[in-house]
Amino acid sequence: MRHPVAVVTLTVATLALLSACSPPVTGSVAFTVDGGRLVAIVHMCEGTADEFQIVPEGDVRDGYFERQFWDLPAGDGKEYRLEIGDAAEFAASLDPEVSYSTSAEPDDDSRSARGPNISAADLGALTDGDVFYRVIEPEVATLVGTLEEFRAAACA
């Protein structure tokens with residue numbers, strides 16, 4: 001015989017324990033357009049990063065961007081800026097039927113800094129000064145805002 005109250009209590013207790021053990025946010029990634037150039041911004045909450053990557057979440061058709069890894073230039077404090085190239089050209093190089101994950105990898109064994117999943121449509125819609133970023137609180141969402149808003153949300 002099952003005891004629904006005991007099952008629910010055990011499940012809630014297990015989830016609470018797992019949440020308490022989750023490591024803090026390591027950092028966050030955003031994209032901005034600056035003078036027509038696409039720039040990835042990596043903001044680290046702790047530690048440092050040395051590599052940035054964009055990886056497709058599905059099969060990419062021939063002729064489209066597949067994946068790339070970049071070494072990050074020296075950061076200014078906890079923030080790194082990587083110029084990827086012409087924003088319109090890069091957006092056009094993405095397979096319009098695929099979402100791409102983005103992250104910055106730390107130089108040690110800590111967790112990577114996650115960014116928003118991007119698509120050709122997402123990047124094509126950005127104009128100069130827009131900042132496209134991901135938040136995890138109060139729920140996972142992608143936003144277009146300012147650099148200051150991204151910085152405030154990066155370690156929340």
Side-chain angles (χ1 to χ4, degrees), residues 11-60 64-91 93-95 98-156:
T11 302
V12 170
T14 301
L15 290 174
L17 180 61
L18 289 174
S19 296
C21 295
S22 296
V25 173
T26 300
S28 192
V29 174
F31 292 89
T32 191
V33 176
D34 185 5
R37 309 294 290 172
L38 182 64
V39 178
I41 302 169
V42 177
H43 185 89
M44 297 300 289
C45 305
E46 57 185 51
T48 57
D50 64 358
E51 184 180 78
F52 178 74
Q53 62 185 352
I54 298 177
V55 179
E57 293 287 314
D59 294 328
V60 175
Y64 285 103
F65 179 88
E66 294 205 24
R67 68 176 53 214
Q68 187 154 350
F69 300 88
W70 291 267
D71 289 332
L72 285 169
D76 180 20
K78 300 234 178 231
E79 197 163 282
Y80 304 81
R81 294 177 65 88
L82 174 70
E83 185 176 305
I84 294 174
D86 181 271
E89 287 177 15
F90 187 78
S93 75
L94 299 179
D95 187 328
V98 174
S99 176
Y100 293 79
S101 66
T102 62
S103 63
E105 300 304 316
D107 55 5
D108 58 17
D109 290 330
S110 59
R111 292 178 25 187
S112 61
R114 295 279 319 268
N117 276 20
I118 59 171
S119 68
D122 293 330
L123 295 183
L126 296 178
T127 59
D128 252 21
D130 286 345
V131 178
F132 183 67
Y133 62 100
R134 172 182 180 260
V135 294
I136 58 173
E137 295 293 335
E139 60 187 50
V140 176
T142 53
L143 304 172
V144 175
T146 65
L147 186 55
E148 291 75 28
E149 291 167 334
F150 163 67
R151 286 176 176 150
C155 298

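None of these values were measured; they are calculated from a predicted model.
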* To do: Any chance you could lay out the side-chain contact (heavy atoms from CB on, under 4.5 Å) test for R81 and D34, step after step, and finish with the verdict?
  => CA-CA 11 Å; R81 294 177 65 88; D34 185 5; 3.8 Å; yes
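When all heavy atoms of S103 and E105 are compared, the pair lying nearest together is OG-OE2, 3.0 Å. Minimum heavy-atom separation, L82 to P73: CD1-CD, 4.0 Å. Pairing each heavy atom of A113 with each of G27, the nearest pair is CB-C, 3.4 Å. For the pair C45 and A154, the tightest heavy-atom approach, listed with the atom from each and the gap, is SG-O, 3.6 Å. Of all the heavy atoms in V33 and A87, the pair that sits closest is CG2-CB, 4.1 Å. When every heavy atom of V135 is checked against every heavy atom of A153, the shortest pair comes out as CG1-CB, 3.7 Å.
Counting only heavy atoms from C-beta outward, the side chains of Q68 and I84 never approach each other to under 4.5 Å. Inter-residue side-chain proximity for T48 and Y80 is flagged as met; some heavy-atom pair is nearer than 4.5 Å. The shortest distance between side-chain heavy atoms of V42 and V29 falls below 4.5 Å. With contacts defined as side-chain heavy-atom distances shorter than 4.5 Å, the pair N117/E57 qualifies. Counting heavy atoms from C-beta outward, F31 and L38 have side chains that approach closer than 4.5 Å.
Interatomic distance, F90 CZ to I54 CD1, rounded to the nearest 0.5 Å: 4.0 Å. Distance check, rounded to the nearest 0.5 Å: CZ of F52 to CH2 of W70 gives 6.0 Å. Interatomic distance, L123 CG to F132 CZ, rounded to the nearest 0.5 Å: 7.0 Å. Note: S101 OG to R67 CZ = 8.5 Å, rounded to the nearest 0.5 Å. Between the CZ atom in R37 and the CG atom in D86 there is a gap of 6.0 Å [rounded to 0.5 Å]. In this structure, OG in S112 is found 6.5 Å from CZ in R114, a value given to the nearest 0.5 Å.
A donor-acceptor pair is defined here as one N or O able to donate and one able to accept, closer than 3.5 Å; such a pair exists between the side chain of T32 and the backbone of D130. With Y100 contributing its side chain and D95 its backbone, the two residues share a donor-acceptor pair below 3.5 Å. Judged purely by atom type and a 3.5 angstrom limit, D128 uses its side chain to pair as donor or acceptor with the backbone of G36.
Between F150 and H43, the ring-plane angle classifies as perpendicular under the 30° and 60° cut-offs.
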